[in-house]
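Below is one structure; the comments refer to it alone.
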Amino acid sequence: MTEQAAQSLTPKRASDSRTVLTDIVFPSDTNHLQTLFGGVVMEYMDKVAAISAMRHSRTSVVTVSTDSIDFVAPIRVGEVIIVESFVSWTHRTSIEVYVKADTENLKTGERETAVTAFFVFVSLGEDGKPAAVPGVIPETDEEVTLYETGEERYLQRRKRMDDRKNKGH
Ligand SMILES: CC(C)(COP(=O)(O)OP(=O)(O)OC[C@H]1O[C@@H](n2cnc3c(N)ncnc32)[C@H](O)[C@@H]1OP(=O)(O)O)[C@@H](O)C(=O)NCCC(=O)NCCS
């Protein structure tokens, strides 16, 4: 896969990949503290992020990495969870998606960010091999900030991958 192949694709707006899932938290999804299990939130986030990645590439994608998952506030039983994602940065064949999970108190309407994360997907061609993806056009302040810092996160991931290979695990 060449850098030129990725550059020849027409870039797409970050907002074109924006995906939102809204659900209510039931007791069966919560722990003994009546807050949502971290794994349940991550499953929601992975699905929503994968839809964003596929809306961007219009190909099959696979998750290759997830990082910077920060659980900043609990998600309580009876609250609404709103999981939102968009493509924040791309490289040749990989797509970085920013995902945020907010809670909404249905009685007060109060909204709070509970979890944020980055998911990375690789686009696969018909032959099952990594395929070129379009670039991203950021528009909002949030999209621009995440776009401008995307290369730095990409390089950190590459370093982590190289370190792992060198250590043989
Ligand atoms: C996706 C896959 C086919 C890529 O194969 P590969 O040999 O790593 O291919 P490449 O080295 O050409 O890398 C392709 C891209 O993936 C990125 N990548 C691969 N592994 C990565 C990782 N762990 N973290 C971040 N990016 C990764 C590379 O940076 C590269 O991005 P770029 O083309 O934008 O620069 C292979 O890693 C795979 O099958 N992984 C398992 C995916 C899976 O099954 N996911 C489901 C969840 S279990």
Side-chain angles (χ1 to χ4, degrees), residues 1-23 29 31 36-72 75 81-101 113-140 142-169:
M1 178 53 51
T2 62
E3 194 98 21
Q4 288 92 326
Q7 281 169 1
S8 69
L9 295 165
T10 307
K12 293 185 180 169
R13 292 182 305 171
S15 57
D16 291 339
S17 65
R18 205 167 268 272
T19 303
V20 183
L21 177 149
T22 306
D23 202 356
D29 289 326
N31 57 30
L36 192 61
F37 283 117
V40 174
V41 189
M42 284 163 67
E43 186 179 342
Y44 275 134
M45 293 174 102
D46 189 30
K47 280 185 187 163
V48 171
I51 294 170
S52 278
M54 285 192 273
R55 281 183 168 159
H56 186 81
S57 66
R58 297 296 175 195
T59 62
S60 297
V61 299
V62 282
T63 314
V64 287
S65 177
T66 171
D67 56 64
S68 312
I69 298 192
D70 293 316
F71 294 88
V72 293
I75 302 170
I81 176 168
I82 302 143
V83 185
E84 195 169 351
S85 65
F86 61 87
V87 171
S88 43
W89 199 75
T90 60
H91 196 243
R92 288 178 314 153
T93 67
S94 62
I95 303 166
E96 182 196 69
V97 179
Y98 175 68
V99 197
K100 184 172 73 169
T113 294
V115 191
T116 59
F118 291 99
F119 283 72
V120 181
F121 299 87
V122 170
S123 164
L124 298 180
E126 296 291 324
D127 57 1
K129 294 193 176 134
V133 295
V136 193
I137 304 169
E139 292 171 315
T140 66
E142 182 184 41
E143 290 166 2
V144 169
T145 303
L146 291 172
Y147 182 82
E148 285 176 348
T149 47
E151 183 169 15
E152 195 181 313
R153 288 187 298 275
Y154 173 83
L155 293 174
Q156 281 170 4
R157 290 184 197 109
R158 293 292 314 195
K159 183 176 180 316
R160 206 172 63 211
M161 286 158 62
D162 291 344
D163 287 350
R164 199 174 51 226
K165 270 185 202 151
N166 293 337
K167 286 179 189 155
H169 61 84

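Here the structure is a predicted model, which means the values were calculated and not measured. Both counts, for ligands and for their atoms, begin at 1 and track the order of listing.
- Residue Tyr154 has at least one heavy-atom neighbour below 4.0 Å for each of these atoms of ligand 1: 29 (O), 32 (P), 35 (O).
- Residues Lys100 and Glu142 are in side-chain contact: their nearest non-hydrogen atoms beyond the backbone lie under 4.5 Å apart.
- Below 4.0 Å from some heavy atom of Arg158 lie the following atoms of ligand 1, by number and element: 28 (C), 29 (O), 30 (C).
- The side-chain hydrogen bond (donor to acceptor under 3.5 Å, both in side chains) analysis of residues 116-138, with sequence neighbours excluded, yields the pairs Thr59-Ser123.
- For atom 26 (N) of ligand 1, the nearest non-hydrogen atom from the set Val133, Leu124, Val64 comes from Val64.
- Heavy atoms of Arg160 found under 4.0 angstrom from ligand 1: none, in either backbone or side chain.
- In summary, the atoms of ligand 1 found under 4.0 Å from a heavy atom of Val122, numbered by their order in the structure, are 1 (C), 15 (C), 16 (O), 17 (C).
- In terms of heavy-atom proximity, Ile69 sits nearest to Met42 at CD1-CE, 3.8 Å.
- In the vicinity of Thr93, heavy-atom distances shorter than 4.0 Å reach the ligand 1 atoms 14 (C), 15 (C), 30 (C), 31 (O), 32 (P), 33 (O), 34 (O).
- For Arg157, no nitrogen or oxygen atom sits less than 3.5 Å from a nitrogen or oxygen atom of ligand 1, counting backbone and side chain alike.
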**Item:** Derivation of the side-chain contact (heavy atoms from CB on, under 4.5 Å) call for Ile75 and Val115
**Value:** CA-CA 9 Å; Ile75 302 170; Val115 191; 4.2 Å; yes

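- Closest heavy-atom contact between Trp89 and Tyr147: CD1-O, 3.3 Å.
- With a heavy-atom cut-off of 4.0 Å, Lys129 does not touch ligand 1 at all.
- Note: Ser52 OG to Arg18 CZ = 8.5 Å, rounded to the nearest 0.5 Å.
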**Request:** Go through Ser57 and Ile95 one step at a time and tell me if the side-chain contact (heavy atoms from CB on, under 4.5 Å) criterion holds.
**Result:** CA-CA 8 Å; Ser57 66; Ile95 303 166; 3.8 Å; yes

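- Against a heavy-atom cut-off of under 4.0 Å, His91 is close to the following atoms of ligand 1: 32 (P), 34 (O), 35 (O).
- Set against the non-hydrogen atoms of Ser94, the atoms of ligand 1 under 4.0 Å away are 31 (O), 32 (P), 34 (O).
- Annotation: side-chain hydrogen bond (donor to acceptor under 3.5 Å, both in side chains) contacts of Arg160 (sequence neighbours excluded): Ser65.
- Between atom 12 (O) of ligand 1 and the options Ala132, Ser123, Pro130, the minimum heavy-atom separation is to Pro130.
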